[in-house]
Amino acid sequence: MSDKPVRVRIAPSPTGDPHVGTAYVGLINYAFARQNGGQFILRIEDTDQERSTRASEQAIFDALRWVGLSWDEGPDVGGPLGPYRQSERTEIYRKHVRDLIDLGFAYPCFCTPEELNAIRLRQRDLKQNTGYDGTCRHIPKDEAIRRMDAGETCVIRLKVPEGKTVVHDRLRGDVEIENSQVDDQILLKSDGFPTYHLANVVDDHLMGITHVIRAEEWISSTPKHLMLYEAFGWEPPTFVHLPLLRNHDKSKISKRKNPVSLLYFKQIGILPEAMLNFLAMLGHSMPDEREKFTLTEFVNEFSFDRISLGGPVFDLEKLIWLNGVHIREMDDDELARRIVGLMFTPEAMKPLIPLIKERIRTLGDYPEHVSYFNAPQIDVPLIDIWKAGKGMTTAQIAKMLKETVEFLDGIREFDARWLEEGLRTFCEQKEYQVKTLFMMLRLCITGRKATPPLFDVFVVLGKAAVGQRIRAAADAIAAWKPPAA
RNA sequence: GGCCCAUUCGUCUAAUCGGUCAGGACGCAGGCCUCUCAAGCCUGAAGAACGGGUUCGAAUCCCGUAUGGGCCA
């Protein structure tokens, strides 16, 4: 290992809500950088033009700043080795791919989707490993370049050599993988955009990254990255593959089964320092086993040697407990400021006002009308939901609610008119009673029978919280027994 | 299905040179305190995936199996 100054990075994709996993991996990278007097870099991986948005990118900046992680270089703060947005670096990737072709480590592939599909089917029939069979590898280089320059549609693939590749992982030791297991990975897509693997390696090298600290899911693609370093003649960084955060059933953490949006945790009133503190306890422990600590303390004590490799389950209960500890130990004035900042700033209150204006008679009525907006969980009156079902079994109700969440997950725009129309159509198709479903949803997300218009409440609450609450209610009702008649 | 990673109470974890009644925390149960509810304090139930080895001695090292997970398809 060299004694170059430490430079690490996180590279989130700006799709959807800012993810708790980004904060987790960010925290470890941040701690390692700070501990070693190095730099922590934020790079935006927006090569998926379809799904990336500027709004999502901004939400990542905001969420990381909210938890208290700051970066030394990034799209918004600049830096000497930018640009830090991959969509602004496509020329760099194209040049490097050109070099790879010249050196014989990559080749253009003209196979059509139909041909690729045929290859896959044939391999499946023969019970071979699936993967590109290397047809276009054998096209002579000058012919291939001529066809490519003539504008024939193609992708550029990595020419995986024979042999095996050893990944030196800081936490797991040497991991050997046969190169025959590695596909001739696409490096550059036919639209001229790079894939993750290429962009990642090129950027990490050009940005002087010394340690790639990322989630375990990347370990099996590391051989591809190593081959690229080798092909370019670059020294690879140290790889550190962190355990993956898990749902309660141990699968990789996902929004279907767990709240994962940092926006959600903020909304229900998790303190940013508690959020970070909690994440720091997953897969890592302090030498004295203390559970409450600050970011600075974590930076001082963090060590790769104290990381445990079993994928930790994200336990919301414990997060809420820890948050309570932080609240109790907080200075009164500070706590007051935090509550005001969360609930009573003009910006935070504004969306709630139209919903309650015609329902309050004194200003003092305000709190009871908005109490469910920032609640971490709703005490769902199961008996009322059951009664609203008018004879439906709890299993039927749970099924209906789950289907509704799935429907909501797929909805394009989370806006009141759109939601109502969508759900009415949904009821028609499924032959559910509109009134019944709407009352149940009201009970699920607010715990009450009387509320402002349902879909206005949906919009203010946001997609993450709505999905979370309905899911929780569905689980609760499924496990509940109605009273005997 | 192929490859890879992992495996200590339900959950987060400790014990890093093999010797511990396997410790702590969340949650759960019971109790104390108390106008209620929290908080706080006390007590309790709860764990080494399984099978082989190595060793005087294994949670700890090795092998196999199982289970979970990830990636690719």
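Just so you know, these numbers use all the heavy atoms, side chains as well, and skip hydrogens, waters and symmetry mates. Numbers restart at 1 for each chain; the letters A, B, ... are given by sequence-line order, proteins then strands.
Atom CZ in A:Arg290 sits roughly 17 Å away from atom P in B:C26 (whole-Å rounding). Here the P atom of nucleotide B:U8 and the CG atom of A:Leu309 are 11 Å apart, to the nearest Å. Between the CG atom of A:Asn323 and the P atom of B:A25 there is a distance of 20 Å, rounded to whole Å. Atom pair A:Arg246:CZ and B:U11:P shows a separation of 12 Å (rounding to whole Å applied). Distance A:Leu242 CG to B:C12 P: 16 Å, rounded to the nearest Å. For the pair A:Asp169 CG and B:C5 C1', the interatomic distance rounds to 10 Å; values are reported in whole Å. Taking atom CE of residue A:Met281 and atom C1' of nucleotide B:G24, one finds them 12 Å apart after rounding to whole Å. If you measure from atom CE of A:Met286 to atom P of B:A25, you get 17 Å, rounded to the nearest angstrom.
Within a 6.0 Å sphere centred on NZ of A:Lys159, heavy atoms belonging to other residues, nucleotides or ligands number more than 12. Around NZ of A:Lys189, the count of heavy atoms belonging to other residues, nucleotides or ligands within 6.0 Å exceeds 12. Residue A:Asp332 places its CG atom among 12 or fewer non-hydrogen atoms of other residues, nucleotides or ligands, all under 6.0 Å distant.
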Between protein and nucleic acid, restricted to nucleotides 39-46 of chain B and to nitrogen or oxygen atoms under 3.5 Å apart, what atom pairs and distances do you find?
unit_1	atom_1	unit_2	atom_2	d
B:A39	O3'	A:Arg328	NH1	3.4
B:G40	OP1	A:Arg328	NH1	3.3

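The side chain of A:Pro312 approaches B:C12 more closely than any other nucleotide in the set B:C4, B:C5, B:C12. Counting only heavy atoms from C-beta on, A:Arg306 has its side chain closest to B:A15 among B:A15, B:G24, B:U13. For A:Leu244, whose side chain is taken as the heavy atoms from C-beta onward, the closest listed nucleotide among B:G70, B:A14, B:U11 is B:G70. Here the nucleotide nearest the side chain of A:Leu282, chosen from B:U13, B:G23, B:G69, is B:U13. Of the candidates B:G23, B:C12, B:G70, the closest approach to any side-chain atom of A:Glu291 belongs to B:C12. Among the nucleotides B:U13, B:C26, B:G70, the one closest to any side-chain atom of A:Ser220 is B:G70. Of the listed nucleotides (B:C4, B:G23, B:A15), B:G23 has the atom at the smallest distance from the side chain of A:Glu289.
Here B:G27 sits opposite no nucleotide as a Watson-Crick or G-U wobble pair (both hydrogen-bonding atom distances under 3.5 Å). The partner of B:U34 is absent, by the rule that a Watson-Crick or G-U pair needs both atom distances under 3.5 Å. Remark: B:C72 base-pairs with B:G1. Criterion, Watson-Crick or G-U wobble with two distances under 3.5 Å. Across all strands shown, B:A22 forms no Watson-Crick or G-U wobble pair with both key distances under 3.5 Å. The partner of B:A39 cannot be assigned: no Watson-Crick or G-U wobble pair with both contacts below 3.5 Å exists in any strand. In this entry B:A59 has no Watson-Crick or G-U wobble partner, no candidate having both defining distances under 3.5 Å. Across all strands shown, B:U7 forms a Watson-Crick or G-U wobble pair, both distances under 3.5 Å, with B:A66.
Of the possible polar contacts, none joining the A:Gln185 side chain to the A:Lys224 backbone as a donor-acceptor pair under 3.5 Å is found.
The same atom, C1', is picked in B:U8 and in B:G70; the two are 22 Å apart, to the nearest Å. Annotation: B:C33 and B:G69 have their P atoms spaced 48 Å apart (nearest Å). B:U11 and B:G68: their C1' atoms are spaced 15 Å apart (whole Å). Comparing the P positions of B:A25 and B:C42 gives an interatomic distance of 9 Å, to the nearest angstrom. To the nearest whole angstrom, the two C1' atoms, one in B:G64 and one in B:U54, are 15 Å apart. As rounded to the nearest Å, B:G52 and B:A14 have C1' atoms that lie 28 Å from one another. For B:U43 and B:U36, the P atoms lie 24 Å apart once the distance is rounded to whole Å. Remark: the separation of the P atoms in B:G30 and B:U13 is 29 Å, to the nearest Å.
Between A:Tyr107 and A:Phe105, the ring centre distance reaches or exceeds 6.0 Å. Close placement of the A:Phe32 and A:His211 rings is indicated, their centers lying within 6.0 Å of each other.
Using a 4.0 Å heavy-atom distance criterion, A:Glu217 is classed as a sugar-phosphate-only contact. As judged by a 4.0 angstrom heavy-atom cut-off over every strand, A:Ser221 is placed among residues making no nucleic acid contact. Note on A:Glu178: nothing from the nucleic acid sits closer than 4.0 angstrom, heavy atoms only.
Toward the 5' end of RNA chain B, the nearer of the two residues A:Ile307 and A:His248, judged by each one's closest nucleotide, is A:His248. Heavy-atom nearest nucleotides on RNA chain B were determined for A:Gly283 and for A:Leu171, and the one closer to the 5' end corresponds to A:Leu171.
Between A:Phe293 and A:Phe298, the ring planes are parallel. Angles under 30° get that label, and only those over 60° would be called perpendicular.
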Q) Does the ring-ring contact (aromatic ring centres under 6.0 Å, His included) test come out yes or no for A:His205 and A:Tyr229, once each step is laid out? A) CA-CA 8 Å; A:His205 176 259; A:Tyr229 282 100; 7.1 Å; no
Q: Could you go through the side chain to side chain donor-acceptor pair (under 3.5 Å) check for A:Glu297 and A:Thr294 one step at a time?
A: CA-CA 5 Å; A:Glu297 292 171 306; A:Thr294 63; 3.3 Å; yes
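For B:A6, the OP1/OP2 oxygens have no side-chain nitrogen or oxygen of A:Lys250 closer than 4.0 Å.
Rounding to the nearest 0.5 Å places CG of A:Leu282 at 9.0 Å from OG of A:Ser308.
On a pure distance criterion of 3.5 Å, no polar donor-acceptor pair joins the side chain of A:Glu216 and the base of B:G69.
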